[in-house]
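Nothing here was measured: the structure is a model prediction, and the numbers come from that model. This chain uses plain numbering: 1 for the first residue, then up along the sequence.
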Amino acid sequence: MADRAPLYFETHLGMLRPANRAAEEAMREISGTVKAVLTGGKANQRRRSLYWVLVSIVTPILNDMHNMTLTDDDLHDIMRTKLGMFDEITLPSGETHRKLHSTSNRAMNEPDRADYLNNCISIWSKWTGIDVSTLTAEAERAA
């Protein structure tokens with residue numbers, strides 16, 4: 001998983017069309033010409049996509065339930081913190097800073113990524129009161 005929602009596109013009539021919410025939001029910000037780097041992932045792209053679809057489902061639910069204004073990236077950061085995926089650095093002032101670990105392909109192997117996803121789904125299920133299988137099924141339909 002990347003540290004930000006990946007931008008997925010699909011080809012349509014010889015052009016690229018946004019295929020997820022993050023890509024739609026990014027497209028709204030474009031004016032003029034942009035540079036794109038196209039890559040093919042070697043990791044389990046289905047699992048990565050499932051994670052970010054779940055994030056995009058859970059974020060508005062939590063926002064509605066608790067009157068919050070979280071973004072998808074906020075929820076991703078919260079999960080890494082909750083699961084202890086950070087190094088604490090003590091600044092010269094004595095304050096501590098949490099440097100979050102990356103969930104990118106090069107930083108996390110596939111078994112670790114699967115474990116991370118399972119832990120996140122379990123936590124989100126508890127937070128939202130929605131059964132794990134219901135959450136997962138909804139995300140698979142949306143993916």
Original post:
Atom CG of L100 and atom CD1 of I78: how far apart are they, to the nearest 0.5 Å?
Top reply: 10.5 Å
Subject >> Straight-line distance of N63 CG to L70 CG, nearest 0.5 Å >> reply: 5.0 Å
Original post:
How long is the gap from OG1 on T128 to CE on M65, to the nearest 0.5 Å?
Top reply: 6.5 Å
**OP:** Determine whether the side chains of D72 and T59 contain a donor N or O and an acceptor N or O closer than 3.5 Å.
**Re:** yes
Original post:
How far does SG of C120 sit from CG of D115, to the nearest 0.5 angstrom?
Top reply: 9.5 Å
Original post:
What do the steps show when you test R47 against E110 for salt bridge (Lys or Arg N to Asp or Glu O under 4.0 Å), and what is the final call?
Top reply: CA-CA 9 Å; R47 183 174 287 124; E110 207 56 39; 2.6 Å; yes
Subject >> Aromatic ring pairing H76/W52, orientation class (parallel under 30°, perpendicular over 60°, tilted between) >> reply: tilted
**OP:** State, yes or no, whether a side-chain contact exists between D87 and R98 at a heavy-atom distance under 4.5 Å.
**Re:** no
Original post:
With sequence neighbours left out, what residues match D74 under side chain to side chain donor-acceptor pair (under 3.5 Å)?
Top reply: T71
**OP:** Mind checking side chain to side chain contact (heavy atoms under 4.5 Å, CB included) for A19 and listing every partner two or more places apart, or none if nothing turns up?
**Re:** Y8, E10
Subject >> Within the 6.0 Å centroid threshold, strictly below: H66 and W127 >> reply: no
Original post:
Is the backbone of D77 close enough, under 3.5 Å, to the side chain of T81 for a donor and an acceptor to pair up by distance?
Top reply: yes
Original post:
Are the charged groups of E24 and R21 less than 4.0 angstrom apart, N to O?
Top reply: no
